[in-house]
Amino acid sequence: MEAVKVPTPDVSAVYTVDLSERPVPRGDAAQEKAALLQLAGRMHDAPGEMLPKFVELAMELTGAISAGVSLLEQTESFPVFRWHNLKGILSPFNGATTPRDYSPCGITLDRSAPTLAIHPERVYDWIPAGLSLPEVLLVPLYIGRTEPLGTLWVVANRIGYFHCGHGATLQELADFIGIALKMARSERELQQALVQQELLTREMSHRLKNLFAIVDGIIRISARSTDSKDDLVALLSGRLHALAAAHSLVKPSFSDVQGAASNLADLMGIVIAPHEPAAIPGKSGFSLEGPTILCGEQSVNGLALVFHELATNAAKYGALCGDNGRVDIVWQINGDDLSITWNEEGEREISSPPASKGFGSTLVEQTVIRQFGGTLNYDWRPTGLSVNIILPLSRLAQ
């Protein structure tokens, strides 16, 4: 039941019945409240697992022949509702989509009130032939009562079955579903924040261990290219300031340097500057080539971290260990992605990849894949390491 966007016909005949005009028979309100409270009590432990339970309860309390939740999502073309946790006769269509602006779910969200649809299959051509849906009762779903989420709905086997009591029951369930989904979202966000915090802590520890080795290398390289104490002091001062700028780029978002390094080329220049070989004055160990790419505030941290780590490894183990090694960094846009190639050419031949992967390599991999949703490939060539990184352009703007 995949959604197809078509012009909306006149569907007014489907929604002519006013639910409030139907009589409400006496029911067992205490039993309904008890069932709701029981589920509400379980939301605290596993809010993300409660959606199927609420759908089952909706079907049970209303005596419906089918029930489900339709959640709003945006596709590349237009918004749709996706069916989740279907029960009863419509359960084979779990995961199907229907158009946002051509469905009872869309009308329910537009009305922001319980809505009754009579034989919607006679109007909506995306409903499979052979299905008979005498009445469908829908209520809107919101997160926090403001963010449209979708609808909760039930199906009856005859016209005239649903009444406003059913609507009130469904709305109570929908309110609980909104709370449960908000709790589940908050739980996911908290877990992501904890993972990020742990990664940041390990990252800072790793960087501190590397810092002394980097400073030692800078001193030795600078000493070989200067003839006087004053020249050495000046060169060391400039390199250490560049190193501090590179490290500040991978701090949290309050970094003062971050706002200035919004261009990818500028960002790379700051990160690689402390690792420039100085054996031959005026000769650079790096080349940068690529179009102007603007980076958002969040992406600067990740990019600085990745290229700081690659440059550190090149200086410690790779092409920049010697005086004549070099690194060529080239980036280009391919459709919706940015492709970045890091090519090292060194004096020492590489016989094989490293026997084990250190935390720095893990950090680069997690940043590229988890933060940016990109891909990362290493090619250990005899002449030096080549790394290809592909990042979605949409993530760089964040």
Side-chain angles (χ1 to χ4, degrees), residues 1-4 11 14-15 19 31-32 35-36 38-40 42-43 46-75 79-100 102-109 114-143 148-163 165-167 169-181 184:
M1 197 183 298
E2 293 300 318
V4 177
V11 297
V14 178
Y15 306 99
L19 203 62
Q31 182 182 2
E32 293 182 5
L36 283 171
Q38 183 181 13
L39 282 184
R42 296 168 59 186
M43 283 199 308
E49 300 174 6
M50 297 308 298
L51 196 55
K53 302 295 184 183
F54 280 116
V55 173
E56 290 176 6
L57 188 58
M59 193 167 166
E60 177 185 336
L61 294 180
T62 61
I65 60 172
S66 194
V69 168
S70 297
L71 298 182
L72 190 61
E73 64 180 58
Q74 180 66 49
T75 66
V80 299
F81 291 98
R82 189 174 298 277
W83 290 5
H84 296 269
N85 304 112
L86 271 60
K87 305 294 180 183
I89 64 170
L90 291 179
S91 58
F93 301 104
N94 198 61
T97 59
T98 60
R100 160 63 177 87
Y102 182 49
S103 67
C105 295
I107 288 178
T108 302
L109 276 191
T115 299
L116 185 67
I118 306 297
H119 279 296
E121 76 277 5
R122 297 176 181 175
V123 173
Y124 299 104
D125 54 11
W126 46 260
I127 298 179
L131 273 181
S132 177
L133 308 174
E135 283 192 346
V136 181
L137 176 60
L138 310 95
V139 294
L141 281 176
Y142 292 91
I143 286 186
L149 181 66
T151 64
L152 170 65
W153 48 265
V154 288
V155 179
N157 60 359
R158 61 178 176 84
I159 296 177
Y161 179 81
F162 290 127
H163 50 73
H166 291 135
T169 298
L170 277 193
Q171 193 60 70
E172 281 191 76
L173 282 168
D175 291 342
F176 277 113
I177 290 174
I179 295 171
L181 292 175

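Residue numbers run from 1 in the order of the sequence given.
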Chemist: Between R82 and L71, does the side chain to side chain contact (heavy atoms under 4.5 Å, CB included) criterion hold? Intermediate values first, please.
Modeler: CA-CA 5 Å; R82 189 174 298 277; L71 298 182; 5.6 Å; no
Chemist: Would you check if T98 and W83 make a side-chain contact, meaning some heavy-atom pair closer than 4.5 Å?
Modeler: yes
Chemist: Looking at S66 and L90, would you say the former's side chain and the latter's main chain have a donor-acceptor pair under 3.5 Å?
Modeler: yes
Chemist: When you compare the side chain of I89 with that of N157, does any pair of heavy atoms fall below 4.5 Å?
Modeler: no
Chemist: Would you check if M59 and V55 make a side-chain contact, meaning some heavy-atom pair closer than 4.5 Å?
Modeler: no
Chemist: What's the verdict on side chain to side chain contact (heavy atoms under 4.5 Å, CB included) for F81 and L72, showing C-alpha distance, side-chain angles and the deciding distance?
Modeler: CA-CA 4 Å; F81 291 98; L72 190 61; 3.8 Å; yes
Chemist: When you compare the side chain of Q171 with that of P140, does any pair of heavy atoms fall below 4.5 Å?
Modeler: yes
Chemist: Can you see which heavy atom on V139 is nearest to which on A174, and at what distance?
Modeler: CG2-CB, 3.8 Å
Chemist: Under the side chain to side chain contact (heavy atoms under 4.5 Å, CB included) rule, what do T62 and L137 come out as? Steps first, then yes or no, please.
Modeler: CA-CA 10 Å; T62 61; L137 176 60; 5.7 Å; no
Chemist: Can you confirm whether Y124 sits close enough to P99 that some side-chain heavy atom of one is under 4.5 Å from a side-chain heavy atom of the other?
Modeler: no
Chemist: How many angstroms lie between atom OG1 of T169 and atom NE2 of H163, to the nearest 0.5 angstrom?
Modeler: 8.0 Å
Chemist: Of the non-hydrogen atoms in P92 and G88, which two are nearest, and what is the gap between them?
Modeler: CD-O, 4.4 Å
Chemist: Could you measure the distance from the OG atom of S132 to the NE2 atom of H119? Nearest 0.5 Å is fine.
Modeler: 5.0 Å
Chemist: Is the shortest side-chain heavy-atom distance between F54 and V69 below 4.5 Å?
Modeler: no
Chemist: Without hydrogens or angle criteria, can the side chains of W153 and S70 be said to hold a donor-acceptor pair below 3.5 Å?
Modeler: yes
Chemist: About how many Å separate CG of L173 and NZ of K53, when rounded to the nearest 0.5 Å?
Modeler: 14.0 Å
Chemist: Between Y161 and I65, is any pair of side-chain heavy atoms under 4.5 Å apart?
Modeler: no
Chemist: Between L131 and F93, which heavy-atom pair has the shortest distance, and what is it?
Modeler: CD1-CE1, 3.7 Å
Chemist: Does the E121 side chain pair with the main chain of L133, one donor and one acceptor, at a distance under 3.5 Å?
Modeler: yes
Chemist: So, for V154 and A58, which heavy atoms are closest and what is the spacing to 0.1 Å?
Modeler: CG1-O, 4.0 Å
Chemist: Do side-chain atoms of E135 reach the backbone of L116 as a donor and acceptor pair under 3.5 angstrom?
Modeler: no
Chemist: Minimum heavy-atom separation for F162 and V155, please, with both atom names.
Modeler: CZ-C, 3.8 Å
Chemist: Decide side chain to side chain contact (heavy atoms under 4.5 Å, CB included) for H166 and L170; before the verdict, give the C-alpha distance in whole Å, the side-chain angles of both, and the deciding distance to 0.1 Å.
Modeler: CA-CA 6 Å; H166 291 135; L170 277 193; 5.7 Å; no
Chemist: Using side-chain heavy atoms (C-beta onward) and a distance below 4.5 Å, is V136 in contact with P104?
Modeler: no
Chemist: In Å and rounded to the nearest 0.5 Å, what is the CD to CG distance from E172 to L57?
Modeler: 10.5 Å
